[in-house]
Each structure stands twice: as C-alpha cells, then as structure tokens.
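What follows is a short report on a single structure.
First the proteins, then the strands, lettered A, B, ... as listed; each starts at 1.
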Number of protein chains: 2
Amino acid sequence: MNIGEASGRSGLPAKTIRYYEDIGLIRPDRGDNGYRDYGADDVHKLRFLHRSRSLGFSVEECRQLLALYEDKSRASADVKDIATAKLIEIDRKIRELTELRRTLEHLVHACHGNERPDCPILEELSEE
Amino acid sequence: MNIGEASGRSGLPAKTIRYYEDIGLIRPDRGDNGYRDYGADDVHKLRFLHRSRSLGFSVEECRQLLALYEDKSRASADVKDIATAKLIEIDRKIRELTELRRTLEHLVHACHGNERPDCPILEELSEE
DNA sequence: CTTGACCTTCCAGTAACAGGAAGGTTCATA
DNA sequence: TATGAACCTTCCTGTTACTGGAAGGTCAAG
C-alpha cells in the first residue's frame, strides 16, 4: 500500500512516516514508480511506534522496543535486559498516570471553589 | 531557595526550569543578587510539570493542566471541560500503557524463540 | 488529455530542550 | 583578606523529533 493508506491505518502523518524512514526505523519497499510500498507488518510497526511515542518513550527507546520484535533470535540477555527495564519504566508511568488521574479528578469534583490556593492536592503532589 | 535546590527537589534540570520561565510557565521571585528565588509552591508546580511532561503531555497541555491549579475561581465551564478532556486522555494512556506492558511481557516470557516473525502479538497490536 | 489527488525530494521552521562560553556571587578556607 | 570551588546569570548554538511548503513527477477518472 502507499504511504497515504499506511498513514491512515497507523494514525501517523505521512511526514512522520518518511522521517522514521530517514532515521532508519522502517524500511518499506519501493515500487517501480518510486512510491513507497508498505506491507501489513510495516503498518503494525507504525502503530506500535505511534503508541509508544505518544506514551512518552523517545524515538531511541522506541527503536529498542522495535528491536524486540525484529530480533529473530531473541535469546540474548541484553535484549531481555532492555525489555525488563522497559517493563519497569512502563509500570512507573502507569503508576504516575494513575496518580495524575486521581489528582485531576479530585480537582474537578471535590475541590471546587474557595478552598484554594492552599489546596491539599498540591501538598499531595509533592510527596514521594 | 535557589534554582539548584529547586532542581534537586523537582527532578528537573536547572536548564529546563529556566526554559519554563522563558515560556512563562513559572514566575519565581528574584533576590537582590539577581538569583531566582523559588518557594515551596513553585517546587510543587515543577514536580507536576516534570511528571506530566514525562507522561507524554505537551508543554502547552501542561500549561492547561497547570492553569487548573492556578485558576482561583475554578467554577468556569471551560476549565472543567479541559480537565474532563484530560481525564479521558489519561484513561486512554493508561489503557495503552497496560496493553504495551502486556505485549512486552508476552514477548519476554512466552514468545521466545522460533514462533516469529509471525508472532500473534503483532496481530494483536493491530487491533482497535 | 487535463484535472485533482496522490506521490517524490529538499529545504526551512518549530518545539522542547541541552551544552557551553563568559562573567558575576557566595562561602569556606588559607 | 584573598583565592578557589561551587554556585548563579545571560546569551548563543546544537539536537531531537518532527511540521510546512515549494517544486515537480504519477495516476485514475471524466
């Protein structure tokens, strides 16, 4: 498929997809007309990139995560180490998002009006 | 306190803190010597910025989130709208992180060796 | 066979910092 | 009192991860 369809299916702008090719993240085939030609597996990778980028992982981290998929012989210890480190990082992000959510919900529902600016939530945020 | 201590307490590099001042996110006092002087509430805001940035919110989104704290009369509907939109976004991020975690864990523990590259996880990732 | 919607490369701009130079301030120590 | 380390300041440049736009080739429909 062309880049437009790959863009539509992955959610990434075509510009970004070309950029990811520039920096060597994805290597689509080329048709005789010079157009990029994406397969279903490319779209999977693009989706994955879209997600992990939006979740605060850097492009280099995404490159590592992607390597976990592409490594055919995933037995090596360093690959496992990377994955384990990412798992810890993901858990931390989930915890922080959950806290952020609680804080925000508190602000919206409970803390309306006059009990500011010395709202206890600000204190709460400074913990840990 | 000076910027160094504010940096230590918030986890943000001093460079970043100065940048956030440049773009109008935080307005610390200045001492007679020209040094920036941060209060405890400033540190709270910096912590908050640190977190929300690392979770994939843009600086402009962080500015909105911060406005929720700073808005003394938080009765206005648009502020509530912003907060509600952020809550939805946070929920989505949590869901996606949870999926990413599951995927990664699967890769590390279950999917080792030869069942690739047509691993079912890639199919799974393409859903939704 | 032209029109519009694709696609291409290339170059410039933006966002969100990070590094480093050049210089002022503060504080412990000699 | 002086000197040196460890702070701080502004300013300017560089990097990352895109984004927009120009200039031009391709393709399917009318």
Original post:
5' to 3' on DNA chain D, which nucleotides open and close the contacts with chain A (atom under 4.0 Å from a heavy atom)?
Top reply: D/dA17 to D/dC27
In whole angstroms, how far is the [atom2] atom of [N] from the [atom1] atom of [X]?
| X | N | atom1 | atom2 | value |
| --- | --- | --- | --- | --- |
| B/N2 | C/dT25 | CG | P | 14 Å |
| B/R53 | C/dA18 | CZ | C1' | 14 Å |
| B/I3 | C/dG24 | CD1 | P | 20 Å |
| B/E60 | C/dC17 | CD | C1' | 14 Å |

Starting at [atom1] of [X], measure out to [atom2] of [Y] and round the result to the nearest 0.5 Å.
| X | Y | atom1 | atom2 | answer |
| --- | --- | --- | --- | --- |
| A/D37 | A/R30 | CG | CZ | 10.5 Å |
| B/E105 | A/L87 | CD | CG | 5.5 Å |
| A/I90 | A/F57 | CD1 | CZ | 4.5 Å |
| B/D42 | B/R27 | CG | CZ | 12.0 Å |

What residues, two or more places apart in sequence or in another chain, satisfy salt bridge (charged side-chain N to carboxylate O under 4.0 Å, His left out) together with [X]?
| X | value |
| --- | --- |
| A/R95 | none |
| B/R36 | B/E21 |
| A/K86 | A/E61, A/E89 |

Original post:
Between the side chain of B/N33 and the main-chain N/O of B/Y35, is any donor-acceptor distance below 3.5 Å?
Top reply: yes
**OP:** Estimate the overall bend of the helix from C/dC1-D/dG30 to C/dT14-D/dA17 from the end axes over five pairs each, rounded to 10 degrees.
**Re:** 20°
**OP:** Considering only NZ, NE, NH1 and NH2 on the basic side and carboxylate oxygens on the acidic side, decide whether B/R63 and B/E60 come within less than 4.0 Å.
**Re:** yes
Original post:
Does B/K45 count as lying over the ring of B/Y38, i.e. NZ or CZ under 6.0 Å from the six-ring centre, within 45 degrees of the axis?
Top reply: no
Original post:
If you pin B/Y35 and A/E5 to their nearest nucleotides in DNA chain C, which one's is more 5'?
Top reply: A/E5
**OP:** List in numerical order all residues of residues 11-33 of chain B for which some heavy atom is under 4.0 Å away from an atom belonging to DNA chain C.
**Re:** B/P13, B/K15, B/T16, B/Y19, B/Y20, B/N33
**OP:** Please name the residue in the list B/D22, B/L46, B/L49 that meets the side-chain contact (heavy atoms from CB on, under 4.5 Å) test with B/I17.
**Re:** B/L46
